[in-house]
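Worksheet: one structure, shown below.
Every heavy atom of this structure was used, including side-chain atoms; hydrogens, water molecules and symmetry mates were not. Keep in mind it's a predicted model, so treat the numbers as computed, not measured.
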2 protein chains.
Amino acid sequence: MCAGARSKGAACVGGATRNKRVPRAVREQQMLDAGVRAFARSGYRNASMDDIAELAGVSKPLVYLYLNSKEDLFTACIRREAAALVTAVRAAVERDAPADRQLWSGLSGFFAHTAEHPDGWTLLHVQARTHGQPYAREVAAMRTEIVEFVTQLIAAAAREHAREAARARTLAGTEVSGLAHALVGAAESLADRAGDGRAGGPSAKEAAATLMNFAWAGLGNLLQGRGWAPERIG
Amino acid sequence: MCAGARSKGAACVGGATRNKRVPRAVREQQMLDAGVRAFARSGYRNASMDDIAELAGVSKPLVYLYLNSKEDLFTACIRREAAALVTAVRAAVERDAPADRQLWSGLSGFFAHTAEHPDGWTLLHVQARTHGQPYAREVAAMRTEIVEFVTQLIAAAAREHAREAARARTLAGTEVSGLAHALVGAAESLADRAGDGRAGGPSAKEAAATLMNFAWAGLGNLLQGRGWAPERIG
């Protein structure tokens, strides 16, 4: 029964011949879909390769053949979800728009993506950060990339404002980096809140609007040199 | 050798007689100190009760006698650190001060405490959230308490501003709650950044000032009904 498939390489494994015409790349994505879902919902340790194979509609040996081990599958899931999130945010940003519009479009993209991919978000924000260094590093790298992206956006806006106002001083680099960290942390917190799944919770659009209001009215003032009365800091 | 101690109850266990005069409450705190350090630095699974006993300067049986199991020790560590953080933030807030001053004092207290207790912060923010529900619930409860506290602070400020401006409309409850989540997420992100331990990283005071500038200049505008131009939200 499996003889015909053998010439196609790995397609005939453990009774999965009924699916032998599905290309490997497609099959792998289905396994990753199943992995993301299982890891996010059951946790890394509790999710079994049996469950994942069943969710993907393939045999367990085929999962091992394609993705080698549970560790490698977990890594592949994290990488795919991290890349998808970064890509979604970058794609959403309206380049060449005013800084506030860029920020708004990026935030909208972030909240829309995390709302549409709640398992992916849980995988990145909870599971991946807590099962040892190789996984935590993947997520830390993604987070660093997003913080860096936001830092550049704020720095560009600060330079623009300083030029318009003919002011020499712009926000210090460490302050810009701090603001970017604050903004990313605020976005993560609101994405978690939105992902709580409680009825009547805020939509992705509302979360983006709340953070935009919070961040921009604040950043907008800072960019114009109007911080919170620092002379009162005791 | 142990006979004299026996009348004092549990003080003589597994060769720990040299410490028999240390009161149980003090000894327990030393075990929790050791637990927090070990769990934060090695992770829950890798931290061994042998290491923790050695760090605490007691025998392993004494740790089991006082704290029952590794699970219970972990829970006790989380509870102690969560309570300490909430207490530090509440104690730092200058009651009856203007809203901005209250927020500033609370943020200063938060960043000072997390900077002084980096292992406690790692325990709460990383370890406790990822080893199953009982632990995650402890931290979620603490976080809910802090978010609620910040929500009340913002709501009180909003009512105050609305009264001063003789405006009927104040910020909607869901928006206030969203702002509180954003603020807490931003604070967590900056606490992690400060805890990176890189030379030249921001101090607790600088982190508090960055977030205060970011949050208050934003909140201050929102409270006066000046959000980011919402009519431009596409």
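In this structure A/Tyr44 satisfies the ring-ring contact (aromatic ring centres under 6.0 Å, His included) test together with A/Phe39, A/Phe74, A/His131, A/Tyr135, sequence neighbours excluded. For the ring-ring contact (aromatic ring centres under 6.0 Å, His included) test, residues two or more places apart in sequence or in another chain that qualify with B/Phe110 are B/Trp121.
Ranked by heavy-atom pairs shorter than 4.5 Å toward chain A, the options B/Arg143, B/Arg45, B/Gln127 are led by B/Arg45. Most heavy-atom pairs under 4.5 Å with chain A: of the set B/Ala207, B/Ala186, B/Ser105, B/Ser108, this distinction falls to B/Ala186.
With contacts defined as side-chain heavy-atom distances shorter than 4.5 Å, the pair A/Asp192/A/Thr122 does not qualify.
Of the atoms belonging to A/Ser177, heavy atoms from both backbone and side chain fall under 4.5 Å from chain B.
B/Asp51 and B/Ser48 share a donor-acceptor pair across their side chains, judged by distance under 3.5 Å alone.
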